[in-house]
Structures are given as C-alpha cells and as structure tokens.
Amino acid sequence: VVLSDTWKLYVVDCYTLDTVRPSKPGIPGVETGFPYISIMSVAHPVKEYGKNGHLTILQSLNILPDMRHKFTLVRTKSADVREKIAEWEVKKMPYLHSFSTTERYAIIFGCPFYIDIEKMLRYSLPKYSISFHKDEPTITYVIDLKTGKVVTMETENIFSMHHVNAYELDDTTLVMDVVSYPDASLTSFFEMDILMNKTRRDNVPFKPYLRRYKIDLKASKMTPVSFDKNPKFPFVNMLEVPTINEKYRSKHYCFVYGVVFKSDNKIWGNFSFVKKDVCNASGDLSWSIPGHYPMEGWFVPNPEGLSEDDGILMVPVLDGNLGKSYILLLDPKTMKPITKAIVPFQVPFHFHGRFIENVF
C-alpha cells in the first residue's frame with residue numbers, strides 16, 4: 001500500500017506500481033461518523049513487535065464546538081482489516097506523522113502543533129488549519145498494547161515528525177529517539193517559492209536535532225537527553241529521514257542512518273548521508289560528494305549477519321553535476337561505497353522510498 005497522513009490509502013501492484021484500488025478501512029467498534037471527521041492518520045505505521053502486522057493511528061476530529069476529539073490506536077492486519085487496541089479523548093488534536101513502539105507499548109508524541117477544526121472546515125488547507133503553540137508542552141501518550149491502558153505525561157515544547165526507534169530498559173522505563181526541531185517552521189520550508197530561491201532557502205532556520213527521551217512510567221515523567229557529538233563529524237546529530245536495521249525495531253540498538261541537508265550549517269544543499277552511533281559517538285561516520293544529493297536510504301540486513309550494521313545501505317542520489325540519478329550501495333560498517341547503478345531517468349528530491357524483497 002501507499003499512504004500519507006490520511007486514513008485513506010491505495011493498494012498498489014508492487015510488480016508494475018499500478019494503483020489497484022483505494023481503501024478506507026472501517027474499524028469494528030469504533031464510531032467514525034458524525035460528529036467526527038475521521039480522516040487523519042500517520043504516514044509511518046510501525047511493525048508490531050513479534051508479529052506480522054503493523055500498528056497505526058486514526059485521528060477523529062469533533063466538529064461540534066468545545067467537544068473533545070478522539071485517538072484510536074489500531075492494529076493493521078491487511079490493507080482492509082483493522083482492529084481497535086485503545087481509544088481515548090483529547091482536548092486538542094496534534095498533527096502526527098509517525099510514532100514509536102516498544103515490545104509492550106506504543107508511544108504517541110503529541111507536539112503542540114494543533115489542528116484547528118473550525119479553520120480546517122473553513123479553508124480546507126492544512127497550511128491555514130494547523131499552528132504551533134510555542135508556550136505549550138508536548139503531551140505524550142503511552143499505550144499498553146495488551147490492556148489498552150493509556151498513560152499521559154508532559155515534556156518540553158518541541159516539534160518532531162520522524163521517530164527513530166524506542167525500546168524498554170526495564171519494566172517501568174522506556175527510551176524513545178526522535179528527530180526534533182525547536183518549532184514547526186519546517187512545515188513551511190518545503191514551499192516552492194522558498195525551495196527555488198537560494199537566499200531564502202539558506203536563510204530559513206533548518207535545525208533538526210537527534211534527541212532522546214527517557215520515559216519513567218511509574219512517575220509519569222519524561223526526561224530529554226542529548227547525544228554526544230563526534231568532533232570529526234559534528235553535523236551528524238542533525239540527521240533527518242532516519243532509517244535503522246528493522247531487525248532492531250523496538251529493541252535496544254546503536255545505529256541510525258539519515259541525511260544531513262545542511263552539513264556546513266550554512267548552505268541548504270550541502271548534503272551528507274550519515275551514520276549515527278547512539279551508543280558511542282566515536283562510531284559516527286559520513287559519506288558525501290560535492291554536488292551529489294543523497295536522499296532517504298534503506299538498510300537491507302545481511303540474512304546471515306551477526307552484527308547490527310551488517311548489511312547494505314541503498315541510497316538514491318542525484319548527481320547534480322551530470323544531471324543523472326543513481327542508486328548508491330554503501331557498506332554500513334565503514335560508510336564506504338560498494339558500487340552504484342545509474343538509473344535511466346532523473347529521480348527528483350523525494351522522501352520515503354522503500355526496498356521490497358523478492359519482487360522480481
């Protein structure tokens with residue numbers, strides 16, 4: 001399937017990439033009609049630990065004044081089959097793009113980037129319907145996947161779109177890593193009049209920062225933690241569009257890979273594809289070539305590999321000097337190129353490609 005931040009998705013033939021049909025699955029036992037508009041979801045469902053299915057979220061906005069909105073945590077069993085895990089009401093509905101899971105919990109990081117239902121009905125455009133509240137905390141919901149119990153806690157005012165990973169330290173302590181921003185100005189950065197103007201592009205604050213949160217379930221408390229920097233690669237902590245070895249999803253892990261879009265902290269376009277060692281910053285590494293623009297990669301693990309970084313990184317790259325695109329294969333251990341394959345067309349700036357095994 002292909003999907004975005006909406007509940008509706010499309011089933012696609014992975015051999016031909018033809019669209020087969022749309023799907024807007026119902027959820028047994030969940031009311032999605034009036035007074036709710038149940039159209040929002042996340043673009044990144046997360047594989048459920050130890051199972052074949054994924055977890056996702058349905059956001060139901062109440063159109064009646066001063067009435068509460070509703071979250072539903074959902075288990076995905078196929079393109080069309082859904083199962084409710086938990087449902088709870090919220091006073092304000094945050095925009096979400098991704099979330100995290102551990103072996104026993106789902107973690108929803110509700111940054112104060114809130115949807116205004118009245119403005120959404122009036123304008124029908126996200127640009128005018130969602131706003132960041134700089135004086136309000138981030139509200140986090142931790143959901144027990146077995147019982148459906150929801151624990152709510154607050155942390156610092158921050159914005160995030162992409163979660164990296166989460167895992168359990170012990171029965172009452174969780175760790176969650178996200179790509180964070182001081183505010184939501186990122187969401188307007190990708191407008192064409194900014195992207196096509198070098199001065200505006202370089203001057204817009206673009207400050208992603210890898211951040212860890214330690215979650216104490218007993219005390220209902222979250223503590224932010226910063227990662228160490230490697231002096232040789234001080235920009236690595238500014239990575240975006242993160243990817244990991246999916247065999248380590250919801251487990252203790254050390255390595256995350258991603259793109260730094262402003263490696264010199266001056267020019268947006270100085271791209272690097274990086275490896276961050278969250279266990280020891282001395283393991284941070286980077287790959288870059290001037291005028292080459294890597295995008296989100298995908299880690300393909302060695303089926304017989306014994307270490308977390310044993311595999312291949314597949315990275316789409318645009319060679320801006322030749323105007324050609326290629327797939328770069330990197331060795332995750334060293335971040336050195338193994339080989340590359342020129343593709344017979346240009347792949348423009350994009351996010352969220354995926355590697356699908358055994359298609360051909």
Side-chain angles (χ1 to χ4, degrees), residues 1 3-9 23-33 35-62 67-115 117 138-155 160-168 171-172 174-178 213 215 217 220 222 246 249-251:
V1 299
L3 47 132
S4 185
D5 295 315
T6 60
W7 186 246
K8 184 178 182 179
L9 52 84
S23 177
K24 194 175 181 182
I27 310 169
V30 176
E31 178 57 55
T32 58
Y36 297 110
I37 297 179
S38 302
I39 59 172
M40 300 298 291
S41 185
V42 291
H44 296 270
V46 187
K47 192 176 188 305
E48 186 170 6
Y49 182 87
K51 299 185 179 181
N52 291 325
H54 287 68
L55 302 175
T56 190
I57 299 162
L58 175 64
Q59 296 168 269
S60 299
L61 294 155
N62 197 320
M67 298 299 287
R68 288 181 171 267
H69 309 296
K70 184 173 66 174
F71 268 125
T72 310
L73 179 66
V74 180
R75 182 172 286 114
T76 296
K77 296 195 168 184
S78 72
D80 305 294
V81 178
R82 302 288 183 271
E83 175 184 282
K84 181 179 78 171
I85 296 174
E87 191 174 69
W88 67 101
E89 293 184 338
V90 294
K91 186 177 181 181
K92 294 182 178 181
M93 181 60 76
Y95 163 79
L96 296 178
H97 185 67
S98 60
F99 66 108
S100 287
T101 63
T102 69
E103 182 176 348
R104 296 178 296 158
Y105 300 97
I107 309 169
I108 296 175
F109 199 50
C111 302
F113 190 46
Y114 290 121
I115 302 168
I117 185 62
T138 294
I139 301 176
T140 299
Y141 307 94
V142 181
I143 306 97
D144 188 309
L145 297 176
K146 189 173 182 180
T147 66
K149 179 184 177 183
V150 181
V151 175
T152 303
M153 59 193 76
E154 296 182 357
T155 189
S160 176
M161 289 188 70
H162 293 121
H163 287 230
V164 180
N165 199 12
Y167 58 90
E168 299 167 22
D171 286 344
T172 60
L174 315 180
V175 165
M176 177 182 70
D177 297 340
V178 301
Y213 290 89
I215 301 173
L217 294 176
S220 294
M222 295 183 70
E246 286 295 325
R249 173 69 57 193
S250 304
K251 301 178 183 179

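When every heavy atom of G26 is checked against every heavy atom of P28, the shortest pair comes out as O-CD, 4.0 Å. Taking all atoms of both residues into account, the shortest heavy-atom contact from P45 to L3 is CD-CD1, 3.6 Å. The heavy-atom pair separating A79 from V1 by the smallest distance is CB-CG1, 3.9 Å.
A donor-acceptor contact shorter than 3.5 Å links the side chain of K70 to the backbone of E31. Judged purely by atom type and a 3.5 angstrom limit, S41 uses its side chain to pair as donor or acceptor with the backbone of I57. Not one N or O on the side chain of R249 forms a donor-acceptor pair closer than 3.5 Å with the backbone of T101. Here the side chain of N62 pairs a donor or acceptor atom with the backbone of R68 at under 3.5 angstrom.
Residues D177 and H163 are not in side-chain contact: their nearest non-hydrogen atoms beyond the backbone lie 4.5 Å or more apart. Contact check for E83 versus K77: side-chain heavy atoms found under the 4.5 Å cut-off. Taking the side chain as every heavy atom from C-beta outward, S160 and T138 never approach each other to under 4.5 Å. By the 4.5 Å heavy-atom criterion applied to side chains, Y95 and M161 are counted as neighbours. Counting only heavy atoms from C-beta outward, the side chains of L55 and T76 never approach each other to under 4.5 Å. Proximity of M153 to L217: side-chain heavy atoms (C-beta onward) are separated by under 4.5 Å at one or more points. Side-chain atoms of M93 and M40, non-hydrogen and from C-beta on, never get closer than 4.5 Å to each other. Under the 4.5 Å side-chain criterion, counting only non-hydrogen atoms from C-beta, P94 is in contact with Y114.
Remark: F71 pairs with W88, Y141 by the ring-ring contact (aromatic ring centres under 6.0 Å, His included) rule, at least two apart or across chains. Under the ring-ring contact (aromatic ring centres under 6.0 Å, His included) criterion, H97 pairs with H44, H162, H352, not counting sequence neighbours. Applying the salt bridge (Lys or Arg N to Asp or Glu O under 4.0 Å) criterion to K92, with sequence neighbours excluded, gives E136. Here D144 pairs with nothing under the salt bridge (Lys or Arg N to Asp or Glu O under 4.0 Å) rule; sequence neighbours left out. Judged as a side-chain contact (heavy atoms from CB on, under 4.5 Å), and not counting sequence neighbours, the contacts of K84 are I27, V30, T72, E87.
Atom OG of S98 and atom CG of D5 lie 9.0 Å apart (nearest 0.5 Å). Going from atom CG of L96 over to atom CZ of F109 covers 11.0 Å, rounded to the nearest 0.5 Å. For the atom pair R82 CZ and K24 NZ, the distance stands at 13.0 Å (nearest 0.5 Å). Here the CD1 atom belonging to I108 is positioned 8.0 Å from the CD atom belonging to Q59, to the nearest 0.5 angstrom. Rounding to the nearest 0.5 Å places CD1 of I85 at 4.0 Å from CG of L73. The distance from atom CD1 of I139 to atom OG1 of T152, rounded to the nearest 0.5 Å, is 7.5 Å.
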Item to check | E103 vs L145, side chain to side chain contact (heavy atoms under 4.5 Å, CB included): CA-CA, chis, key distance, verdict | outcome: CA-CA 9 Å; E103 182 176 348; L145 297 176; over 6 Å; no

Checklist entry - Yes or no on side chain to side chain contact (heavy atoms under 4.5 Å, CB included) for H69 and I117, after CA distance, side-chain angles and deciding distance? => result CA-CA 10 Å; H69 309 296; I117 185 62; 4.3 Å; yes

Checklist entry - Going through the distances and angles, do W7 and I39 end up as a side chain to side chain contact (heavy atoms under 4.5 Å, CB included)? => result CA-CA 5 Å; W7 186 246; I39 59 172; 5.5 Å; no

Item to check | Steps toward side chain to side chain contact (heavy atoms under 4.5 Å, CB included) verdict (K251, Y49) | outcome: CA-CA 9 Å; K251 301 178 183 179; Y49 182 87; 3.8 Å; yes

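Listed by first then second residue, pairs satisfying salt bridge (Lys or Arg N to Asp or Glu O under 4.0 Å) with a partner in residues 38-49 read E48-K51, E48-R75, not counting sequence neighbours.
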